[in-house]
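These notes are about the structure you will find just below.
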Amino acid sequence: MTMQTRNQQLVTVIVILAISVTVLVVVYDVIAQTYVLHNHVRHNDVKRTRDVKLLKVITPASHHGSSLNNTFVSHGLMGRLGNVLFQYAAMYCIAKRNNLTPLFSDPMELKNVENPGTLVNYSVYLSKKSRTQLLRERFCCSYDNRFESLPNDHNYSIYGYFQSWRYFEPCKAEVLEIFKFKKKYVEEANTIIGDLRKQLPNKVLVGVHIRMEDHTSERATRNGKQIAPPEYFIRAMTYFKNRFHDVRFVVITSSQEWWLSNVTRSDDVVFHNRTQPAVDMEILSRLDHIIVSVGTFGWWAAYMNNGVVVIFNDCFKPGSPYGNQFLHNSTDYFYPGWLRM
Ligand SMILES: *[C@@H]1O[C@H](CO)[C@@H](O)[C@H](O)[C@H]1NC(C)=O
Ligand SMILES: *[C@@H]1O[C@H](CO)[C@@H](O)[C@H](O)[C@H]1NC(C)=O
Ligand SMILES: *[C@@H]1O[C@H](CO)[C@@H](O)[C@H](O)[C@H]1NC(C)=O
Ligand SMILES: *[C@@H]1O[C@H](CO)[C@@H](O)[C@H](O)[C@H]1NC(C)=O
Ligand SMILES: *[C@@H]1O[C@H](CO)[C@@H](O)[C@H](O)[C@H]1NC(C)=O
Ligand SMILES: *[C@@H]1O[C@H](CO)[C@@H](O)[C@H](O)[C@H]1NC(C)=O
């Protein structure tokens with residue numbers, strides 16, 4: 001064997017080794033993240049944001065000229081607007097009740113809200129160095145009272161979806177204040193609502209939010225997610241027509257065709273095409289009443305709406321992995337007073 005072929009072999013071996021190590025690292029990383037995400041929340045097919053990895057904290061003094069003065073609770077926010085609002089609200093209130101400092105990663109969705117002074121953005125403190133005690137929620141959609149009393153001799157990373165109003169009920173007013181949307185979104189919504197009111201004077205306006213998309217994937221269905229069928233919307237609309245005089249429905253959807261061919265062609269409906277999530281949520285929250293189907297986006301629009309809320313009750317298949325996340329007849333998830341149909 002010549003020197004040259006031996007060198008070539010050596011190079012080949014090194015290249016193969018390097019590739020193997022890279023592949024191993026990537027696979028490990030994927031498995032680690034998947035484990036973290038799915039260990040407890042396998043049912044939920046929420047989209048991950050990049051910062052879902054558990055957050056650790058550096059000693060900030062050298063980093064920012066400020067320091068953390070008491071123990072903290074941190075959370076890598078995940079998902080889109082509705083999910084982030086749940087996690088943020090829960091975290092805010094858990095921290096407050098336990099006299100901890102809330103540390104949040106920096107999800108884009110929070111750029112939509114007006115109140116940066118109240119929203120403490122501690123992303124400057126976050127790094128991958130020091131240790132925290134990890135606490136996971138037990139169920140995505142039921143209340144876990146362990147978070148009511150966290151001894152403040154620890155720093156915590158808390159992890160979960162926290163889809164229960166009970167996590168933030170003691171902070172409701174503050175949470176709603178924090179979640180006021182930025183002026184440009186509110187103004188855009190004002191214009192649209194103004195036009196609707198002009199076009200439909202003296203009518204009771206009921207917003208309708210339809211959510212299907214990621215609740216109909218094969219995986220979501222296997223987990224037990226269910227979407228609201230056309231009959232649900234008919235039932236809910238009938239309820240409002242019986243209860244109020246002269247109702248019009250403002251349907252926010254990305255598919256008018258679906259509504260027209262599957263629900264109704266009746267002329268008491270006007271459509272609003274989906275725009276920015278913040279604008280759509282603002283509109284839904286400000287109409288007189290609201291009908292929501294499934295998902296966290298609709299949940300929050302309903303929570304922010306001051307009128308009558310009708311919500312789809314059968315968002316899960318009983319006994320399914322997703323369904324088993326709802327304890328106590330779903331009363332931790334649905335807000336008291338909402339009409340479940
Ligand atoms: C800690 O306390 C100092 C002095 O009161 C203050 O300037 C600083 O902002 C506090 N740090 C945090 C993270 O609240
Ligand atoms: C939070 O702070 C980071 C780092 O300073 C910054 O890049 C980001 O824009 C801030 N996020 C919000 C929502 O203000
Ligand atoms: C919590 O984290 C802060 C910031 O890294 C650190 O100064 C403090 O010692 C930690 N406290 C505990 C109890 O680990
Ligand atoms: C109406 O619903 C059916 C059954 O879900 C669906 O297959 C069809 O695509 C829907 N029609 C439209 C126009 O979306
Ligand atoms: C809304 O979307 C539909 C298609 O679903 C389209 O026909 C209609 O022109 C759009 N309306 C506005 C105001 O953009
Ligand atoms: C569960 O809640 C629904 C809706 O509020 C109610 O109609 C039903 O009676 C409850 N079931 C039980 C077993 O409490």
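Counting convention: from 1, in listed order, for ligands and their atoms alike. Owing to the predicted nature of the structure, the values given are computational and were not obtained by experimental measurement. Just the heavy atoms: all of them, side chains too, but no hydrogens, waters or symmetry mates, feed the values below.
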Practice prompt. To the nearest 0.5 Å, tell me how far Met281 CE sits from His209 NE2.
Written response: 8.0 Å

Discussion item. Same cluster or not: Val204 versus Ile291, using hydrophobic residues (I, L, V, M, F, W, Y) connected whenever any side-chain heavy atoms lie under 4.5 Å apart?
Written reply: yes

Discussion item. Using a strict threshold of under 4.0 Å (side-chain N to carboxylate O), is an ion pair present between Asp288 and Arg197?
Written reply: yes

Discussion item. Could you check whether Asp144 pairs with Arg138 (Lys NZ or Arg NE/NH1/NH2 to Asp/Glu carboxylate O, under 4.0 Å)?
Written reply: yes

Worksheet item: With no hydrogens and no angle check, do the side chains of Arg166 and Asn145 hold a donor and an acceptor under 3.5 Å apart?
Response: no

Fill in: Reported CD1-to-CD1 distance for the pair Ile158 and Ile94, which is rounded to 0.5 angstrom
4.0 Å

Are there any N/O pairs under 3.5 Å between ligand 6 and the protein, and if so, what are their distances?
from, atom 1, to, atom 2, distance (Å)
ligand 6, 2 (O), Asn329, ND2, 2.4
ligand 6, 11 (N), Asn329, ND2, 2.8
ligand 6, 14 (O), Asn329, ND2, 3.3

Worksheet item: For ligand 4, which atoms have a heavy atom of Glu257 less than 4.0 angstrom away?
Response: 13 (C)

Item to complete: Using a strict 4.0 Å threshold on nitrogen-to-oxygen distance, state whether Glu282 and Arg286 make a salt bridge.
Response: yes

Discussion item. If you measure every N or O of Ser255 against every N or O of ligand 4, does any of those distances drop under 3.5 Å?
Written reply: no

Worksheet item: Should you measure from each heavy atom of Ser261, which atoms of ligand 4 turn up under 4.0 Å away?
Response: 11 (N), 12 (C), 13 (C)

